[in-house]
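Notes for the one structure printed next.
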2 protein chains.
Amino acid sequence: MENKLTDCDHRHNPKLKGLRMTRQRCAVYQVLMAHRDHPTAGEVYDRAKHSMPTISLATVYNCLEALVQHGAVRQVNFERESSRYCPNLTEHGHFHDEKSGTIIDVPLKKGIHLSDLLELPAGAQIDNLEITLRGKIIHQPSLTTHP
Amino acid sequence: MENKLTDCDHRHNPKLKGLRMTRQRCAVYQVLMAHRDHPTAGEVYDRAKHSMPTISLATVYNCLEALVQHGAVRQVNFERESSRYCPNLTEHGHFHDEKSGTIIDVPLKKGIHLSDLLELPAGAQIDNLEITLRGKIIHQPSLTTHP
DNA sequence: ATTGCACATTAGAATCATTCCAAATTTAGA
DNA sequence: TCTAAATTTGGAATGATTCTAATGTGCAAT
């Protein structure tokens, strides 16, 4: 676990450089860094209240937007559900398990670049890319038999 | 242009086989087949009213859902905007041009299969996959000079 | 062709995530 | 420290979608 005191310090965290720091943004950012999952704004709100009981939901939305605009976290959307927020900044997709509701990061295979796979329109400059998958995790019978 | 009269006829359109056909579902389906673009439910509603002025918005939502469930059209989502509906059933992504608001189908390059590119979680069975791109079309200076 | 009934349609109300508002507060640089 | 500009806040507003419950209809079986 990292030192939370420095998570939001510009001197230690270059991702936040240039972003005006408030107590609220720091609290929201720490919530996202603490569990590395994909909470909704409402879930971030609930968690943030532990360290800052007076924070408002509107502020959580504002902070999340600021962090997303700044590129410090990513926003991910599943169909029309509430937006979720993801601290993983590497290029990856998201698998949404219909059974458990869990969201799992799906890395690209080594060496793959998305733009290599798609017939992009001429002159297209990509600002944002989302790959989302929905499905079920099938419990496969083990291929190895008992001894 | 195809014969609209047969668009919704089970005998001529196997995509609809097994789906109970109503005047409203037919109107909605024809709207989607006529322009091959990506209208929202509201836009489908506006267009459908031309051929059926009494159709209701709730019904348009119902029909679109039925068509999507049946696999006759696809639903596509951009961030948290209104859902859009797409008659293209081939595997492809969507590019959303920030300037014009246009949506452009983005085919996969020949021979590419998405599952080849992603490190899927073990046992994952994919029911739905969305690839969405947002960006700008840059007008590139022509490489050829005037004669 | 008629019928029965499970499924569809409809208008309007309800929901719910998100955004807007305008006043009070806070940040960060001079 | 002081100040301007940005941020926070609670509550109201928005807007896409879903729900409700009453009415209507496709179509399989007769």
Side-chain angles (χ1 to χ4, degrees), chain A residues 8-11 13 16-31 38-49 51-70 72-73 75-85 96 101 103, chain B residues 7-11 13 16-31 38-49 51-70 72-85 96 101 103:
Chain A
C8 300
D9 188 329
H10 289 157
R11 279 172 296 188
N13 189 339
L16 299 176
K17 203 150 253 173
L19 182 63
R20 188 176 195 166
M21 261 304 147
T22 63
R23 280 182 310 132
Q24 291 82 351
R25 284 180 182 174
C26 184
V28 165
Y29 185 67
Q30 284 178 349
V31 161
H38 302 83
T40 63
E43 289 163 351
V44 172
Y45 177 49
D46 292 339
R47 295 181 197 172
K49 276 193 289 196
S51 64
M52 182 180 289
T54 60
I55 197 171
S56 78
L57 179 57
T59 298
V60 169
Y61 274 101
N62 291 340
C63 292
L64 288 169
E65 187 189 353
L67 290 165
V68 168
Q69 297 304 60
H70 198 73
V73 307
Q75 181 169 17
V76 313
N77 298 288
F78 291 92
E79 328 234 322
R80 300 262 324 152
E81 296 173 6
S82 303
S83 286
R84 294 175 176 275
Y85 297 87
H96 190 209
I103 287 148
Chain B
D7 277 356
C8 301
D9 188 329
H10 289 158
R11 279 172 297 190
N13 190 340
L16 300 176
K17 205 149 251 172
L19 182 62
R20 188 177 199 164
M21 260 305 146
T22 63
R23 281 180 308 130
Q24 291 83 349
R25 285 179 182 176
C26 185
V28 165
Y29 186 67
Q30 285 178 347
V31 161
H38 302 83
T40 63
E43 288 163 353
V44 172
Y45 177 48
D46 293 339
R47 294 181 198 172
K49 275 193 292 194
S51 65
M52 183 180 288
T54 60
I55 196 171
S56 78
L57 179 56
T59 298
V60 170
Y61 274 101
N62 291 339
C63 293
L64 289 170
E65 188 188 353
L67 290 166
V68 168
Q69 297 303 58
H70 198 74
V73 306
R74 289 174 54 187
Q75 181 169 18
V76 312
N77 298 289
F78 292 93
E79 328 234 321
R80 297 262 325 152
E81 296 173 6
S82 303
S83 285
R84 295 174 175 276
Y85 296 87
H96 190 211
I103 286 146

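Letters A, B, ... mirror the listed sequences (proteins, then strands); counts begin at 1. Computed from heavy atoms alone, side chains included, the values below leave out hydrogens, waters and symmetry copies.
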Checklist entry - Under the side chain to side chain donor-acceptor pair (under 3.5 Å) test, which residues partner B/Glu65, sequence neighbours left out? => result none
Next on the checklist: Does B/Val28 form a side chain to side chain contact (heavy atoms under 4.5 Å, CB included) with B/Ile55? I'd like the steps, not just the answer.
Outcome noted: CA-CA 10 Å; B/Val28 165; B/Ile55 196 171; 4.1 Å; yes
Next on the checklist: Whole angstroms only, please: what is the NZ-P distance between B/Lys17 and D/dA28?
Outcome noted: 12 Å
Checklist entry - Please give, in whole Å, the distance from D/dG26 P to B/His10 NE2? => result 12 Å
Checklist entry - Taking it one step at a time, do A/Asn77 and B/Asn77 satisfy side chain to side chain contact (heavy atoms under 4.5 Å, CB included)? => result CA-CA 8 Å; A/Asn77 298 288; B/Asn77 298 289; over 6 Å; no
Next on the checklist: Based on the rotation axes of five pairs at each end, what angle does the helix from C/dA1-D/dT30 to C/dA30-D/dT1 bend through, to 10°?
Outcome noted: 50°
Checklist entry - If you take all heavy atoms of A/Tyr85 and A/Thr40, which pair is closest and at what distance? => result CD1-C, 4.4 Å
Item to check | Closest contact, heavy atoms only, B/Arg84 versus B/Glu43 | outcome: NH1-OE1, 3.7 Å
Next on the checklist: Before you tell me yes or no, could you show the steps for B/Leu16 and B/Asp9 under side chain to side chain contact (heavy atoms under 4.5 Å, CB included), namely the whole-Å CA-CA distance, both residues' side-chain angles and the distance that decides it to 0.1 Å?
Outcome noted: CA-CA 8 Å; B/Leu16 300 176; B/Asp9 188 329; over 6 Å; no
Item to check | Heavy-atom protein contacts under 4.0 Å, nucleotides 3-18 of chain D, coded B base, S sugar-phosphate only, - none | outcome: --BSSBBB-----SSB
Checklist entry - Can you check whether B/Arg80's main-chain N or O pairs, donor with acceptor, with A/Arg80's side chain at less than 3.5 Å? => result yes
Next on the checklist: A/Glu79 vs A/His96, test: side chain to side chain contact (heavy atoms under 4.5 Å, CB included). Steps then yes/no.
Outcome noted: CA-CA 10 Å; A/Glu79 328 234 322; A/His96 190 209; over 6 Å; no
